[in-house]
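What follows is one structure encoded as structure tokens, with my remarks underneath.
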Amino acid sequence: MSDPVPGQQIINDGAVLTDGDRIVAVGERNSVLSNLIPAKADQLIQESVDCGGGLLLPGLIDCHTHLVFAGDRAREFEQRLEGLSYEEISRRGGGIRSTVAATRQSSEETLRLAAYERAARMCANGVTTLEIKSGYGLNLDDEQKMLLVAQSLQDLLPVSVHSTFLGAHAIPEEFLGSSDDYVDLVCEEMLPSVAAQKIANSVDAFCETIAFSNAQIRKVFEKARSLSLPVRLHADQLTNSGGAALAAEFHALSADHLEYADEAGIRALAQSGTVAVLLPGAFYFLNERQCPPVELCREHGVPIALATDYNPGSSPVESLLFVLNMGCVLFGMTPREAVAGVTIHAAKALGYADRGVLAAGMRADFAVFDAETLAHLCYPIGARPAQKVVQAGCQTQLHPHVSV
Ligand code: NIG
Ligand code: FE
């Protein structure tokens, strides 16, 4: 199939040649093999893997998760079914703060075990790069604990982890009524320590009436900039608070959610090269009605990524494949746009130029699916995990008992 967009072409009877953790050549089988000296091809290829006619994609990238947490929010789920809103539950002291209480009480080892199980199931769906945020600790020790757990997962599983410091996620109980003092703590104590320990790759914040104001987030972002940490933002999820424009002002890697973003916000994202990360799991689970401005993103050329937003409160969704389906059904994306959203655009949302595309020089991260076309990949719900996953050039062991 010919396609003018580089990196989005489907090749029938294709092959990928790798060396160590890098791709050396990709294309039609014959042209890939012609890279090798014909007489020596057999000796040069140490291992060949037949993908059985499956659909081989770049390893999937989940660029927005909160998968390190303790406890659950099933009682709040019931409260919402009884008519309470997410915001109201939060104002009554539940929401993020209830997961903070459970996460603070949990040991690093207990958190790691739960996070490991979740991440293993995501890897079985073809995920090879995973962004994981802190934000349920809200003091230095507990934020640090979360970030260390997040980073440790890449030593335990075939996945690269991008860890994000989300100290400005909610106002902790002990700072209710003095949120500026908490912002000062984030800026003066937590951010410098996290930067010095190199335990976060980027900094995120929640810009919303139930969380932090634009002025408070500006302070956090200025501090992050002074520490050379890139930023990203939970923006315009429940109200239009000018979050997209704020993210753009700081050249954020991504602005996430965006249900209430307006045209000025989207135009600002286009100018700053910020990726729009859409999270249909949270939209679905919170039973939202306002769709994010997909058409405006298309018009202004803002790349759209999709992610699970996996967390216990607004998106208990582990499956990035289900997110592909929701991106199409709920947000009107095409299967091609949805798949670009978990590969090439998700890589950009994390600031990576070495993955998300099958091309020479890129990381050898792949996932193979039993699907004929991108539409075949996007339309079933929860049916088929990946058939094969390769991360950094190594085929990974898929554990059927943890696949969804
Ligand atoms: O992305 N919006 C803020 N943060 C998360 C929700 C976290 C939670 O409810 O625990 C989100 O939806
Ligand atoms: Fe989130």
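Counting convention: from 1, in listed order, for ligands and their atoms alike. Quick note: numbers below take in every heavy atom, side chains included, and nothing from hydrogens, waters or symmetry partners.
- Side-chain rings of H64 and Y310 stay apart, their centers remaining 6.0 Å or farther from each other.
- Counting all heavy atoms, side chain and backbone alike, A224 lies closest to V231 at CB-CG1, 3.7 Å.
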Step by step, would you call T164 with D204 a side chain to side chain donor-acceptor pair (under 3.5 Å)?
CA-CA 7 Å; T164 301; D204 196 349; over 6 Å; no
Starting from the N and O atoms of ligand 1, collect every protein N/O partner closer than 3.5 Å and put each pair on its own line with the distance to 0.1 Å.
| unit_1 | atom_1 | unit_2 | atom_2 | d |
| --- | --- | --- | --- | --- |
| ligand 1 | 1 (O) | H66 | NE2 | 3.4 |
| ligand 1 | 1 (O) | H234 | NE2 | 3.0 |
| ligand 1 | 1 (O) | H257 | NE2 | 2.9 |
| ligand 1 | 1 (O) | D309 | OD1 | 2.9 |
| ligand 1 | 1 (O) | D309 | OD2 | 2.9 |
| ligand 1 | 2 (N) | Q237 | OE1 | 2.8 |
| ligand 1 | 4 (N) | H169 | NE2 | 2.9 |
| ligand 1 | 9 (O) | R73 | NH2 | 2.8 |
| ligand 1 | 9 (O) | Y86 | OH | 2.5 |
| ligand 1 | 10 (O) | R73 | NH1 | 2.9 |
| ligand 1 | 10 (O) | R73 | NH2 | 3.4 |
| ligand 1 | 10 (O) | Y136 | OH | 2.6 |
| ligand 1 | 12 (O) | D309 | OD2 | 3.0 |
| ligand 1 | 12 (O) | S314 | OG | 2.5 |

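- Atom CD of E88 has more than 12 heavy atoms from other residues, nucleotides or ligands within 6.0 Å.
- Annotation for A244 and D236: closest pair N-OD2, 3.0 Å, computed over non-hydrogen atoms.
- The side-chain hydrogen bond (donor to acceptor under 3.5 Å, both in side chains) check on Y260 picks up nothing, with sequence neighbours excluded.
- In the model, E222 has no side-chain atom that pairs as donor or acceptor with a side-chain atom of S226 under 3.5 Å.
- Excluding waters, the set of protein N/O/S atoms under 2.8 Å from the Fe ion (ligand 2) reads H64 NE2, H66 NE2, H234 NE2, D309 OD1.
- Residues that satisfy the side-chain hydrogen bond (donor to acceptor under 3.5 Å, both in side chains) test with Q395, not counting sequence neighbours, are absent from this structure.
- Under 4.0 Å is where a charged nitrogen must lie from a carboxylate oxygen, and between E263 and R267 at least one such pair does.
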